[in-house]
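Only one structure is covered here, and it is reproduced in the block below.
Computed from a predicted structure; not experimentally measured. Below, chain A is the first sequence line, B the second, and so on; all start at residue 1.
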Number of protein chains: 2
Amino acid sequence: MATIQPVKGTRDFYPEDLAFRRWLYEHIRTVSESHGYQEFDGPFIERLELYAAKSSEELVKEQSFVFADRGGDMVALRPELTLSLARMVAQRSKSLPQPIRWWSFGPFWRYERPQKGRSREFFQWNIDLVGVESPQADAEIASIGAAFFRAVGLGPRIIRILVNDRRLAERQLEQAGIPARLWPGVFKLIDRRDKLSAAAWSAYALETGLDAGQLSSLQHILEDTEAWRTSPEMVAFFAAAEALGSSEYLAYDPTVIRGLDYYTGTVFEARDTAGEHRAILGGGRYDNLVADVGGERLPGTGFAMGDVVLGLVLASAAALPTLRTSPSVVLVTNFDTTTQQASLILCQTLRAGGLQAEWYPEPGRIPRQLKYADRLGIPVAAILGPDEVQAGKLTLKHLPSGRQITCTQAEAVLRIQELIGH
Amino acid sequence: MATIQPVKGTRDFYPEDLAFRRWLYEHIRTVSESHGYQEFDGPFIERLELYAAKSSEELVKEQSFVFADRGGDMVALRPELTLSLARMVAQRSKSLPQPIRWWSFGPFWRYERPQKGRSREFFQWNIDLVGVESPQADAEIASIGAAFFRAVGLGPRIIRILVNDRRLAERQLEQAGIPARLWPGVFKLIDRRDKLSAAAWSAYALETGLDAGQLSSLQHILEDTEAWRTSPEMVAFFAAAEALGSSEYLAYDPTVIRGLDYYTGTVFEARDTAGEHRAILGGGRYDNLVADVGGERLPGTGFAMGDVVLGLVLASAAALPTLRTSPSVVLVTNFDTTTQQASLILCQTLRAGGLQAEWYPEPGRIPRQLKYADRLGIPVAAILGPDEVQAGKLTLKHLPSGRQITCTQAEAVLRIQELIGH
C-alpha cells in the first residue's frame, strides 16, 4: 500500500521544522511586545463576503480556498488577517481602549502555484495599529519590521524597507493629468511593473487607458526618488523613523504601491537588496477598512510577513539558526524489567526537580540507549542498574564530555544541573 | 451597513481570549517538554481519504468540513491530528529516531451543532508516543494528562482519568459468548451508553445483534470494576502510573471504550467528577494506524484534549487564571508636537534597555493618557513635557502606588525597573 500523500502546497512540520517556526514566533513575539502590542487572533475560516471587494479581486476570485459549508454559506480559508481584524474592531469599537495595538502569528491559505517562496498553506505575522491617523503611527509599524530584521540577524545591507504614500502618488498622477477614474488601474499597473517585461508593461499601460503622454509622465513619476520631500506625511514619517532608530532600513521608492485595494496612505514592502526574492513583508495604511466592514470609521496601519520568503532570505544570508529539537536534558536508561519501576520513579523525581527527563522505554543494551540520547542531543544519561537500585545510587554520564559520576538519587537533580552548567 | 458576521461555531480571539489560549499553551508546553516530547505539527488540511475508514464513520461523513479544492481533490479541514501524525511517521519511519515522542497544539474543525462545550473550530493538544508497545508507554501518556491537570490547579477530586483496555474488553466479550464480528458494534454501543436512556440503549443493543442473554452479560461486564486485575497490561499500567505519581487521578472503568475505530489496546478519557461536562481528553493505543496509512507496523499511544471543555471545567472549578493582556511596562506620554521626537527617542532607549514600551500616539491631555495606561494595566508612565526635554529629564509615575520621581533620561531604564520591582 502506498503512503497517502499530503495536500499539494501544504507542509509537514517535523520537530526540526517546528523548531524554526517557534524560533520565528519567539522573535516576532519579543519585538511585537517590546512595542506594547497585544497578541490576538481571528477565526481561520470567514464568510467569503468579508473579503469580496475589499481585499483584492485576484485574491478573492483566484487565490482563495473557498467552499460551501454544510449550511450552504460560502466560506473561505482565511487568505489574510486584516479583514478579520477590521471586523473584530468594528464589533467592539465602542468598548476597546484606543489606540489598538495588536499582533498575531498563524496559518493562512492561498491557492497559488506552489513554487519557490510560495506555499498554499503558510504562516504569517500580522501587526496593526488602529485608531491613529498620524505618520508617526506608520513609522512605528515600519520600525517594528526593521527591529525584527535586526533581531534575526538581517542587517540593512541585506534588507531594505521601501516606502511610498498613495496620497502622494495620487497628487503626482493628478499633476500628470491622469484622471481619478484611472487611478485604481494605474496602481495595479505600478504593482505589476517588476512582474512584466518593459514592452508588456507598456502595452498593459495603454490597455489601462493611459495615452502615450500620460505613460511618459508616469515613467517620470516612478523614477523621481526625491518626490517624498513634497509630502508632509512622508517627511514626518522619515523623521519619526529616525527617532525610532530604523532609518537605515528605510528608503522612499515611488514604484512601491502594493496590490491590496484597501490601502489609503503610506504603503511599504521589505525587499532583499540582492533582488533574489519576493517581497518579505508588505503593509500600509487602511483608513476606511473598519467602516467598509460595517463599523465606524477608524484609521489603521499595519503589515503582514509570511514565513516562507523569510526562510529563503535567512538561508541566502546564512542566518538560519541551528536549533535543538529535543527538550530533554536527561535520558533515564532502562536496564531490565527489575529496574523499570525504580527508573520511572527517578524520572518523576527529576521532573519534580524541574528537569526535562525522558525514559528509554524498552529494556536493553545501554550503549544503544546512549546512542539514542546522543542522536537527540540529550546531554546527560542517568544509568540505573540492579546494583545501583539496591544501593540507592545512580551513574550520571555527561555525553558531550564523556565525564561520569556516581551519586545518590537524592543528589541527582543538583548533580545533573552541575553537569549541564546551570 | 450591518457588520459582517463571523462563521457560526468559530471564535474571535480578542487579546483576553488569546491570553487564555497562550496560558493553556504554556502549561501544555511545560508538561510535554518535562517528559521529553518534541513539538511538531501537521498541515491544517488533508486529503479526505486519510481519514476515511480509519478514524470514525461519524467523524468523516457527518462531522468534517470537506470540500473539493481547485484541482478537484476532496480535502478536509483536519478534524483530528493522529492520522496526520501516522502519515508523517510512515513517510520517515526509516530515518526518525525511535521512540518518537511528539506533541502539538493547534486548530481543528468539526461540523457539529454549536453548543456548550462544542465549537466548530477549536484548539487541541495532541501528545503521542510511537514505537513502543508496553503498558508503561500508555502509563506515561496518561500520567502526562494527570501532570497537566495538577499544573493548572485541577486536582484528583475534580478530575478523574478513567481507563480500560480493548484487549481486556474483547476477552470479556469472548467469554460472554459474543462473537467477534459483533465487537465493533458492541464498542459503539458501549461508547453510547451515557448518551442514551437505559431503554433506548437496550433497544440499540438488540439492534446491534445481541440477544437478551448476551446483553445481560454485557451489563455485568460494564459493572465489574475489578476485571482489570485479570489483565496483565492493566496491572502493569497501574503499577507504572504509581511510579509516575499519577495514580490518584486514575481509575479502571469498564464503560470507557472511546469512539475512534483505530484503538487497539488501552483507552482512557478524563472526566470531571461532578459529571457536569463532556470528556475533557480522550486517548488510547493504536498499534495498526501507521501501517493503515501505508507505513510499516509501528505501535503508538496518545491522547487529545480540546480547549473548550477544559475552559468550562476550569470555570466550574473557579480555576480560570487572571491574565494581563498588555505587555507594556511603560507608557511614554505625548505632550505636544514639540516633544514628539524626544518621546519617540525615549521609547527606543527604553526598548533597547529591554523594557516593553509604548507611545501614546496623539498629543493631548496627560490625565487622559494616564487613564489609558491604567485601563491597560501598564504600571509606569514616563512623562516628558517641554521643560523636561530641555533639562534632559523626565518624570516617572508608578500608577498603582501613585509614586512619582524625576530622573535623567540616562537613568530611566534602571528607575523603571526599580519601580516595577525587577
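Taking the six-membered ring where tryptophan is involved, the planes of B:Trp103 and B:Tyr25 are tilted, since the angle between them lies from 30° to 60°. Using cut-offs of 30° and 60° for the angle between ring planes, the B:Phe105 and B:Phe123 rings count as tilted.
Note on A:Gln341, A:Gln356, A:His35: by heavy-atom pairs under 4.5 Å with chain B, the leading option is A:His35. Per-residue heavy-atom pair counts under 4.5 Å with chain B were compared for A:Val66, A:Asp17, A:Leu18, and the maximum is reached by A:Leu18. With chain A as partner, the option from B:Met88, B:Arg47, B:Arg120, B:Arg21 having the largest number of non-hydrogen pairs under 4.5 angstrom is B:Met88. Interface remark: of the candidates A:Asp73, A:Val132, A:Leu331, A:Val132 forms the most heavy-atom pairs closer than 4.5 Å to chain B. Ranked by heavy-atom pairs under 4.5 Å with chain B, the list A:Arg22, A:Glu140, A:Lys8 is led by A:Arg22. Among B:Glu121, B:Glu358, B:Gln340, the residue with the largest count of heavy-atom pairs under 4.5 Å with chain A is B:Glu121. Listed options A:Gly42, A:Pro107, A:Cys347 were ranked by heavy-atom pairs under 4.5 angstrom with chain B; first place goes to A:Pro107. Counting heavy-atom pairs closer than 4.5 Å to chain B, the top-ranked of the candidates A:Ser328, A:Ala147, A:Ala243, A:Ser134 is A:Ala243. Interface remark: of the candidates B:Tyr111, B:Phe67, B:Trp359, B:Tyr111 forms the most heavy-atom pairs closer than 4.5 Å to chain A. For the set B:Ala90, B:Ser32, B:Ser326, the count of heavy-atom pairs under 4.5 angstrom toward chain A peaks at B:Ser326. Contact count versus chain A (heavy atoms, under 4.5 Å) is highest, among B:Glu242, B:Glu362, B:Glu46, B:Gln91, for B:Gln91.
Without hydrogens or angle criteria, B:Gln136 side chain to A:Pro361 main chain gives no donor-acceptor distance under 3.5 Å. Within the 3.5 Å criterion, the main-chain N or O of A:Arg29 finds no donor-acceptor partner in the side chain of A:Glu39.
Remark: A:Glu133 pairs with A:Arg297 by the salt bridge (Lys or Arg N to Asp or Glu O under 4.0 Å) rule, at least two apart or across chains. Scored by the salt bridge (Lys or Arg N to Asp or Glu O under 4.0 Å) test, B:Asp12 finds A:Arg87 as partners (sequence neighbours excluded).
The contact between B:Val75 and chain A is made entirely by side chain atoms (from C-beta outward), counting heavy-atom distances below 4.5 Å. Contacts of A:Ile378 with chain B are absent, with no heavy-atom separation under 4.5 Å from either backbone or side chain. Heavy atoms closer than 4.5 Å to chain B are found nowhere in A:Arg324, neither backbone nor side chain. Only the backbone of A:Arg11 has a heavy atom closer than 4.5 Å to any heavy atom of chain B. Proximity to chain B (any heavy atom under 4.5 Å) is shown, for A:Ala240, by both the backbone and the side chain. Interface remark: A:Tyr372 contributes side-chain atoms only to the contact with chain B (heavy atom separation under 4.5 Å). If you measure heavy-atom distances from A:Leu350 to chain B, you find no contacts under 4.5 Å at all. For A:Asp41, the parts lying under 4.5 angstrom from a heavy atom of chain B are both the backbone and the side chain.
Test B:Ile144, B:Ile100, B:Asp138, B:Ile141 against B:Leu129 for side-chain contact (heavy atoms from CB on, under 4.5 Å) and you get one pass: B:Ile141.
When ring centroids are compared, B:Phe44 and A:Phe44 stay outside the 6.0 Å threshold.
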